[in-house]
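Presented below is the structure to which this report refers.
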Amino acid sequence: MAQAVTQKVPSTAHNQKKSEGPLPSLVSTLRSDNRDQLLSLLSLDPLANVLTLDEFKTESPTFVPVAHTTRLVFANESLRSLLIYHTLTNDAESKSALLKPKAKPPRNVQSIFTPEEESLGLSPNNPFGIVGTRILLQNNILNDNGNEENVVPGSFTVPGTGHGTETIYNPQRNRSIFSSSMHDLRDETDGASVVIYFIYPTPKHIQALSKAIQSVSYSQKSLSTNPFEAHSTSTRRITKHRIVFLPRINALSKRVLADENLNKRKDVSVHALDINLIPIEDDVITCLEIENTMEDCYVHKTPSEHVTHVAQSLRKIQDICGTIPRVQSYGNLGEMVLERMMSLRLEEYDPYDPESEQDGQENNPEVKAAIILDRAVDLVTPMITPLTYEGLLDDLLKIDAGIIKIETDIISPPEENVSDQQNRPKYMHLPLNDLDTLFVEVRDLHVEKFGSFLQEQAKALKESHANFSDKNKDLTEIHQFVKQIPIFTQNLKSLTNHIHLAELVKSNTEQSDFRQRWQTERSMVESETCYDTIEDLIASRYPPLRLLRLLCLQSITGGGIKAGRYEYLKREIIQTYGYEYLFTLQNLEKVDLLKKRESMWDISSAFSTLRKDLALIQPDIDPSDPDDISYVTSGYAPISIRVIQTAMKGWTDKEEVLRLLPGRGIDIMQRSPPEGFPVAVKRNVGSSLGTWAAQFASLTNACVTDKPVLLVYFVGGLTYAEIASIRFLSKKQSFPFKIIMCTTKIMNGSTFLQSLR
């Protein structure tokens, strides 16, 4: 028998790069474990039905290339980016190539991958047998003008009816299950023998993939029974459909699988991958970018699945880093997650097993404390326009799982006198993460500063090139510079990209519309009423998501909107933008983003008290040399980050503030052996988190660079303004911790409201 040919496993640039964040061991372990699980799934024999993860480990740099061909189908675009770009594959040598548009293919040669798939790192010679990707449910995301964005090339949409954030298959309203719109043109020629569906455990995802599987089966049946149709030699019959649930399959999903008769098909296998935390930066970890957390928990009142999901992800972190001794939670969801996390720990504990609770980190856990924050604690910050470079890019272009979609002509203007522009893609996808060292330096800078910073970088790069042009260089110096040419080329391309992006951001922020919006937001957070402005914006058909952000901000900061005025504004919105916004407004009320104030008198709102006691407004902040987190919006500090700062000092003099926040504040110590939440919550913890950190520092004689690690987990979403604020705190010498962030979703005000439509 011939010996199997082995090939080097192409790692992502993330996996090859050594993490430099606050907790590199956690980030590296998560990336390695996630990738091992994906590789084991892709390597599974087409006829096999059981996935055994223990049999596959990538400790060796080689493995046997996959012999069969696979088509990957993802629930949405975010999941595709997370699993392909951030987890699976990208040739390390093409790290710099991801910062620029792909080269034009030779004439008459067509790549099997779309430009978007290539930007994620897929190539025709990948050893995983991947021949293409598809999107199962295409999000109908509204842009700020209220129009649906175009469907991304390389994806198909499951046909459906009505309005909503996603079009899904409805068997009661769409009986034509074999619709040609289900197919990508490449489906008939990609030669895939296995199709893998990565989905969340929700009924709509299972119904959608059921329709997709039926469509593929019908297509193959028609091909095999039509004697008059010539078959391509590259067409191959699908032998296996693999349904992969992330991060687990629940009882409801099993019931829907049975209802759709998928559990009885021999060509269908069901799996679950324990992938629930994916690092997208060295200090930011996402819990699968699940966008409907707030909708399920506050609109539909079904928080159980999300609470368990987050609690399990926290248990995974503690399996890697050791039990976190000190945990605080704020808000109802934060408390539920903390209680569930402690219950899971108690369920896993076996007093008769000597290895139980012995993970090797109990005496010296890598994470000294954690704060779990419910998004409902701070609903103001998502409605505020951020003024950092990364925040403005997200506000303008929408960063999806660390990648932006932008017109190619903006990043790479077409060359003059070049007639062949046919193969030039209209859009390109540009990764924005810590692999780009220039982006790391500029991402959290204020809008008034990043332009001049990029100019300084351009001058430095020009001087570096001029030094090489000196004819007096000897051979040794020339040789050293030649070694640096790849780095120089990469830095030049990165600088060019960010200069183009900065120009786009600057042109947007200099418009009168942007400045008026910022002034209106500032007036609202200072408790001024702007009803007339909102009415004028409705009359001018202002972009609906922008309008709703201002309306919600007015309601939160003003303690609600007077009943008469509220009904008038509600009627005007429905008449101007359409009846479907009636349901949107109702959902916003359930999340407390909108509130009707029945009182005839103007009374001080809870936000007014928070603004004073937490010093949310800092009008004298210097954005070019900030000394406070409020620089991220030119004077307004996010409530969520002020809560973190206050927790460092303790709540002794801030009990009134704590009562004004939704839910209650919990502070517990996790002990060994584990105990239940009701017992732990009754115990007085004592010192503040700042004092707690100082105790660890004194015990370990830690210097400033070795500050203890604090985990901050946002349940319901995290904004780029908060990310920039946390990084600012983490770098401050006076702040006692360095911080790593986890979240269920990175979002802004528009995507937050979109998820509630």
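Index from 1, following the sequence.
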Please report the C-alpha distance between Cys742 and Val712 in whole Å, then the side-chain angles of each, then the deciding distance to 0.1 Å, and finally whether the side-chain contact (heavy atoms from CB on, under 4.5 Å) criterion is met.
CA-CA 6 Å; Cys742 286; Val712 178; over 6 Å; no
Check: [Y] and [X] side chains under 4.5 Å, non-hydrogen atoms:
| X | Y | answer |
| --- | --- | --- |
| Trp518 | Leu387 | yes |
| Val643 | Ile371 | no |
| Leu397 | Leu504 | yes |
| Val657 | Thr646 | no |

Assess the side chains of [X] and [Y]: does a donor N or O sit below 3.5 Å from an acceptor N or O?
| X | Y | value |
| --- | --- | --- |
| Gln645 | Arg642 | yes |
| Arg31 | Thr87 | no |
| Thr719 | Glu722 | yes |
| Tyr85 | Asn433 | yes |
| Arg549 | Ser750 | yes |
| Thr286 | Glu289 | yes |
| Ser523 | Thr520 | no |
| Thr385 | Glu521 | yes |
| Gln328 | Asp667 | yes |
| His498 | Asp436 | yes |
| His86 | Ser81 | no |
| Asn748 | Thr751 | yes |
| Thr744 | Tyr713 | no |
| Thr691 | Ser688 | yes |

Can you tell me how far apart [atom1] ([X]) and [atom2] ([Y]) are? Round to the nearest 0.5 Å.
| X | Y | atom1 | atom2 | result |
| --- | --- | --- | --- | --- |
| Ser608 | Leu660 | OG | CG | 10.5 Å |
| Arg546 | Leu550 | CZ | CG | 9.0 Å |
| Lys738 | Asp706 | NZ | CG | 5.5 Å |

Going through the distances and angles, do Phe728 and Phe735 end up as a ring pair (Phe, Tyr, Trp, His ring centres under 6.0 Å)?
CA-CA 10 Å; Phe728 179 85; Phe735 192 79; over 10 Å; no
Cation-pi check for Phe737 against Lys707: NZ or CZ below 6.0 Å from the six-membered ring centre and within 45 degrees of the axis, yes or no?
no
Just to verify, what does [X] make a salt bridge (charged side-chain N to carboxylate O under 4.0 Å, His left out) with, not counting sequence neighbours?
| X | result |
| --- | --- |
| Asp513 | Arg517 |
| Glu656 | Arg659 |
| Asp444 | Arg727 |

Strictly below 4.0 Å, N to O, side chains only: are Asp628 and Lys732 in salt-bridge contact?
no
Does the pair Asp378/Arg375 count as a salt bridge with the N-to-O cut at 4.0 Å?
yes
Would the distance check show the side chain of Thr509 and the main-chain N or O of Val505 forming a donor-acceptor pair, the cut-off being under 3.5 Å?
yes
For the pair Thr388 (side chain) and Gly391 (backbone), establish whether a donor and an acceptor sit closer than 3.5 Å, ignoring hydrogens and angles.
yes
Taking all non-hydrogen atoms of both residues into account, name the closest pair between Pro736 and Ala693 and its distance.
CB-CB, 3.6 Å
Run the ring-centre check on Tyr330 versus Trp651 and record whether the distance is less than 6.0 Å.
yes
Begin from the C-alpha positions of Lys405 and Glu77 and carry the test salt bridge (Lys or Arg N to Asp or Glu O under 4.0 Å) through to its verdict.
CA-CA 11 Å; Lys405 176 185 176 183; Glu77 295 164 31; over 6 Å; no
Lys506 atom NZ, neighbour heavy-atom count above 12 within 6.0 Å:
yes
